[in-house]
Trainee: 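One structure, pasted below without further comment.
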Number of protein chains: 2
Amino acid sequence: MTSNAGRALAHPSREEIRVEGVLHALSDPIRLRIVRQLAHDADELACSRFDLPVSKSTSTHHFRVLRESGVIQQFYRGTAKLSGLRTDDLDTLFPGLLDSVLGAADLQAKRLAADARTDAPETAGLQG
Amino acid sequence: MTSNAGRALAHPSREEIRVEGVLHALSDPIRLRIVRQLAHDADELACSRFDLPVSKSTSTHHFRVLRESGVIQQFYRGTAKLSGLRTDDLDTLFPGLLDSVLGAADLQAKRLAADARTDAPETAGLQG
DNA sequence: CCCATTGTACGAGAGCTGTCGTAATTCTAC
DNA sequence: GTAGAATTACGACAGCTCTCGTACAATGGG
């Protein structure tokens with residue numbers, strides 16, 4: 001069998017996605033980071049392409065939370081598992097939600113980076 | 001003393017508000033309900049005006065989570081504690097986030113209500 | 001002062017969450 | 001078939017979360 005259908009992954013249907021679950025999935029820093037990378041870098045990435053500060057087991061856990069809450073879809077291709085945002089489903093169910101969360105995360109990242117630049121040089125003197 | 005200053009409540013400053021914390025605060029059904037009621041019914045409501053399906057202790061807990069994450073502000077007036085959304089701070093930090101979450105919650109509420117109407121009368125529990 | 005109203009604090013318990021390490025599974029390449 | 005790479009599954013653990021009940025504090029009116 002050359003098909004990848006042997007390993008099917010459970011996804012919630014569009015109707016089963018709940019806004020509370022989506023918000024909860026996005027409220028973890030690691031998962032938010034995954035989603036931001038998916039949104040910015042590519043539509044579909046293998047899990048191994050993410051450089052996360054946790055073990056593989058923990059990564060698997062976070063990807064599963066994202067998938068089971070309806071934020072991402074996953075499928076196998078060879079030994080790799082590719083992940084992509086369920087942009088269409090989310091935009092249909094909750095228009096603008098994903099974009100504003102991603103925008104908020106970007107703004108916060110910029111703000112925190114700027115804070116670090118203004119804080120550090122004076123006191124600590126350590127910079128990247 | 002007629003002042004209400006005796007009981008001060010700790011709030012995060014605008015700069016301390018984190019998007020992960022806001023999303024986590026909004027990911028609980030009870031808290032999302034509180035926020036929706038604050039957004040729709042009034043700008044400032046006493047805690048006792050919320051008809052929540054939990055005990056007073058639990059309500060206090062949820063209001064504290066919302067306050068400490070920066071979603072709401074609270075102050076005392078007499079024996080009452082009034083709560084209001086920090087709309088300005090949130091809109092400045094995360095433009096559009098609060099609105100899209102509230103919109104998503106409204107859409108989902110309508111959708112679930114419609115599903116219940118089409119599910120129940122016809123088959124009374126059997127669905128494809 | 002006493003009391004009703006309103007909300008807090010504290011302690012507790014059940015359950016979920018994030019994390020890890022190790023063992024197992026699936027696919028590709030030889 | 002064998003080896004290797006990518007990922008999952010399982011069991012375990014500490015910590016957090018949601019919930020409650022009871023006891024306590026602050027305000028306003030008699």
Side-chain angles (χ1 to χ4, degrees), chain A residues 1-11 18 20-35 38 42 44-69 71-84, chain B residues 1-11 18 20-35 37-38 44-69 71-84:
Chain A
M1 295 282 282
T2 58
S3 81
N4 303 302
R7 288 193 283 171
L9 288 164
H11 289 77
R18 293 289 176 272
E20 298 93 336
V22 172
L23 294 176
H24 175 248
L26 297 176
S27 71
D28 181 273
I30 302 255
R31 291 195 290 263
L32 187 54
R33 179 168 164 170
I34 293 172
V35 169
L38 279 176
E44 288 169 353
L45 279 180
C47 295
S48 59
R49 302 295 297 276
F50 294 85
D51 192 25
L52 300 174
V54 292
S55 72
K56 284 185 183 180
S57 312
T58 306
S59 292
T60 299
H61 162 70
H62 286 307
F63 276 99
R64 173 155 51 187
V65 172
L66 286 171
R67 173 166 45 84
E68 294 184 345
S69 68
V71 176
I72 66 171
Q73 52 194 326
Q74 297 185 292
F75 61 94
Y76 289 99
R77 191 161 67 192
T79 65
K81 182 159 81 171
L82 302 189
S83 301
Chain B
M1 295 288 277
T2 58
S3 83
N4 304 302
R7 287 191 281 170
L9 288 165
H11 289 77
R18 293 289 175 271
E20 298 92 336
V22 171
L23 293 176
H24 174 249
L26 297 176
S27 71
D28 181 275
I30 301 257
R31 291 194 291 261
L32 188 55
R33 178 168 164 171
I34 292 172
V35 170
Q37 191 166 346
L38 278 175
E44 288 168 352
L45 279 180
C47 296
S48 59
R49 302 295 296 276
F50 295 84
D51 193 25
L52 301 174
V54 292
S55 73
K56 283 201 297 182
S57 312
T58 305
S59 291
T60 299
H61 162 71
H62 286 306
F63 275 99
R64 174 156 48 187
V65 172
L66 286 171
R67 172 166 45 83
E68 293 183 345
S69 68
V71 176
I72 66 172
Q73 53 193 328
Q74 297 184 292
F75 63 94
Y76 289 98
R77 192 161 66 191
T79 64
K81 183 160 79 169
L82 302 188
S83 301

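Reckoned from all heavy atoms, side chains included, excluding hydrogens, waters and symmetry mates. Labels below follow one simple rule: chain letters A, B, ... track the order of the sequence lines, proteins then strands, and each chain is numbered from 1. All figures in this text were calculated on a predicted structure; none of them were measured in a lab.
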Trainee: Are OP1 or OP2 of dA9(C) and a side-chain N or O of Arg64(B) less than 4.0 angstrom apart?
Mentor: yes

Trainee: Could you state the CG-P distance from Asp51(B) to dT6(C), rounded to the nearest angstrom?
Mentor: 14 Å

Trainee: Is there a side-chain polar atom (N or O) of Arg77(A) under 4.0 Å from OP1 or OP2 of dA6(D)?
Mentor: no

Trainee: dT25(C) P sits how many Å from Tyr76(A) OH, rounded?
Mentor: 14 Å

Trainee: Under a 4.5 Å cut-off applied to non-hydrogen side-chain atoms, are Pro53(B) and Ile30(B) in contact?
Mentor: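 Yes, their side chains come closer than 4.5 Å.
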
Trainee: If we only count heavy atoms from C-beta on, is the Arg31(B) to His61(B) side-chain gap below 4.5 Å?
Mentor: yes

Trainee: Grab the CZ-C1' distance between Phe63(A) and dA9(D) for me, whole Å please.
Mentor: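 Roughly 17 Å, once rounded to whole Å.
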
Trainee: Could you check how far CD of Glu20(B) sits from C1' of dC16(D), rounded to whole Å?
Mentor: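 About 17 Å, once rounded to whole Å.
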
Trainee: Looking at Arg64(A), I want to see if its CZ is surrounded by more than 12 non-hydrogen atoms of other residues, nucleotides or ligands under 6.0 Å.
Mentor: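 At most 12 heavy atoms, drawn from other residues, nucleotides or ligands, come within 6.0 Å of this atom.
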
Trainee: What's the shortest heavy-atom distance between Leu52(B) and Ile34(B), and which atoms?
Mentor: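 For Leu52(B) and Ile34(B), the tightest heavy-atom pair comes out as CD1-CD1, 3.7 Å.
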
Trainee: So, for Ala25(A) and Val71(A), which heavy atoms are closest and what is the spacing to 0.1 Å?
Mentor: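 Residues Ala25(A) and Val71(A), closest heavy atoms: CB-CG2, 4.1 Å.
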
Trainee: In whole angstrom, give the distance that lies between atom CG of Leu23(B) and atom P of dT17(D).
Mentor: 15 Å

Trainee: For each nucleotide in nucleotides 15-22 of chain C, reading 5' to 3', give B when a protein heavy atom comes within less than 4.0 Å of its base, S when such contact involves only the sugar-phosphate, and - otherwise.
Mentor: --SBBBBB

Trainee: Are the side chains of Phe63(A) and Ser83(A) in touch, meaning some heavy atoms are under 4.5 Å apart?
Mentor: yes

Trainee: Starting at CG of Leu26(B) and ending at C1' of dC18(D), how long is that distance when rounded to a whole Å?
Mentor: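 From Leu26(B) CG to dC18(D) C1': 17 Å.
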
Trainee: To the nearest angstrom, how far is Leu9(B) atom CG from dA9(C) atom C1'?
Mentor: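 Between C1' of dA9(C) and CG of Leu9(B): 14 Å.
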
Trainee: What is the distance, to the nearest angstrom, from the CG atom on Leu66(B) to the C1' atom on dT17(D)?
Mentor: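 Between C1' of dT17(D) and CG of Leu66(B): 14 Å.
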
